[in-house]
Amino acid sequence: MDGQRIDKVVVRDRRLRWPVPKNLEGQVNGALIRHVDRRGKYLLIDCGAGWLILHLGMSGRLRVVPKTTPPSKHDHFDIILSSGMLVRFTDPRRFGALLWTTQHPSLHPLMRHLAPEPLEAAFDADWLHKRIRGRSMAIKLALMNNEIVTGVGNIYANEALFRARINPRTKAGRLSMERCGTLVAAIKETLQCAIEAGGSSLRDFFGTDGQPGYFQQQYMVYAREGKPCRICGTPVRSIRLGQRSTFYCTGCQH
DNA sequence: ATGCGGACCTGTTAGC
DNA sequence: TGCTAACAGGTCCGCA
């Protein structure tokens, strides 16, 4: 999309996580895309006069298709490019978002308090230790809190805790600086491995080339309830934390 | 200030 | 086979 012009944006259903702003098309139509970026799980399209903010939620997908492709049921908006292609957003659950902002995205209320990017140096043991100091919440819930760790959802929170050998119910504030270091390294390694494998395709996710990811074949605990731990053979246990499925090995994680 | 549960949606699957 | 309930990759908000 970099360097292309947006002929127009067509919104067919404004009822996403937040209503798509009524004036968005007017702001965006005819804009030149300067750059496409990302912060946490928010996708940012720099249009010069402002930014489009996109989020895929849980079931959202973006695909590049020819302009003539007829939309189907859950195709809620199109970004029509001057090239003859369009970027189509599909999202059955409508947990995704399309917003417009004229302030710098880093100052936007949704991104203002996000933790540093997990693969950057600023996300380190020190940061994690400071953010969870004195907190009684389960460490897994801390990993799911994007003011503490950004870009990690349910799958990778489970996998990173296994890699760090930390029990997901451990009280966050009780982790030593050393264990914070182990956990930070585990988060970075988990994300890097997943990226290398092309991500995790359970149902909706496909890469920009249309190919599924393969990281789900490497899960150590996620969705492996009752199956033997790949390291020690103990059956993987499943519990619920914060209404999310949580998987761990009682043999390996303490 | 912290932490928990509820809310937003629809599609798929497990269980009866 | 058909119906129903539970659950799914996210994250904000309000209340205790």
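To find a chain, count down the sequence lines: A is the first, B the second, and so on, and within it residues start at 1.
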>> Can you pull out every side-chain hydrogen bond (donor to acceptor under 3.5 Å, both in side chains) where at least one residue sits in residues 232-241 of chain A? Sequence neighbours excluded, please.
In response: A:Arg240-A:Ser245
Table of protein N/O atoms under 3.5 Å from nucleotides 3-5 of chain B N/O atoms:
| unit_1 | atom_1 | unit_2 | atom_2 | d |
| --- | --- | --- | --- | --- |
| B:dG3 | OP1 | A:Ser136 | N | 2.7 |
| B:dG3 | OP1 | A:Ser136 | OG | 2.8 |
| B:dG3 | OP1 | A:Met137 | N | 3.3 |
| B:dG3 | OP2 | A:Arg135 | NH1 | 3.2 |

> Which of residues 86-104 of chain A have a heavy atom under 4.0 Å from DNA chain C?
Replying inline: A:Arg93, A:Phe95
> Using a cut-off of less than 4.0 Å, is there contact between a side-chain N or O of A:Arg133 and OP1 or OP2 of B:dA1?
Replying inline: no
>> Using the side chain to side chain contact (heavy atoms under 4.5 Å, CB included) criterion, which residues pair with A:Gln218? Sequence neighbours excluded.
In response: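 A:Gln218 satisfies side chain to side chain contact (heavy atoms under 4.5 Å, CB included) with A:Ala197, A:Phe215 only.
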Contacts of type side-chain hydrogen bond (donor to acceptor under 3.5 Å, both in side chains), residue [X], not counting sequence neighbours:
{"X": "A:Asp13", "answer": "A:Arg15"}
{"X": "A:Asp126", "answer": "A:Lys130"}
{"X": "A:Ser83", "answer": "A:Gln4"}

> For residues 41-60 of chain A, which residue pairs qualify under salt bridge (Lys or Arg N to Asp or Glu O under 4.0 Å), counting only residues two or more places apart or in two chains?
Replying inline: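 Salt bridge (Lys or Arg N to Asp or Glu O under 4.0 Å) check on residues 41-60 of chain A returns A:Arg34-A:Asp46.
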All N/O pairs under 3.5 Å across the protein-nucleotides 12-16 of chain C interface:
| unit_1 | atom_1 | unit_2 | atom_2 | d |
| --- | --- | --- | --- | --- |
| C:dC12 | OP1 | A:Tyr42 | OH | 2.8 |
| C:dC12 | O4' | A:Arg17 | NH2 | 3.1 |

> Residues in ring pair (Phe, Tyr, Trp, His ring centres under 6.0 Å) with A:His55, at least two apart?
Replying inline: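 In terms of ring pair (Phe, Tyr, Trp, His ring centres under 6.0 Å), with neighbours along the sequence ignored, A:His55 is linked to A:Tyr42.
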> Is there a path of hydrophobic side-chain contacts, each under 4.5 Å between heavy atoms of I, L, V, M, F, W or Y residues, that connects A:Val149 with A:Ile155?
Replying inline: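 Yes; tracing contacts between hydrophobic side chains, which count when under 4.5 Å, links both residues.
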N/O to N/O distances under 3.5 Å, protein versus nucleotides 12-16 of chain B:
| unit_1 | atom_1 | unit_2 | atom_2 | d |
| --- | --- | --- | --- | --- |
| B:dT12 | O3' | A:Arg203 | NH2 | 3.4 |

>> As a check on the pairing definition, encode DNA chain B in dot-bracket form, counting Watson-Crick and G-U wobble pairs whose two distances are under 3.5 Å, and using | for partners outside this strand.
In response: .|||||||.|||||||
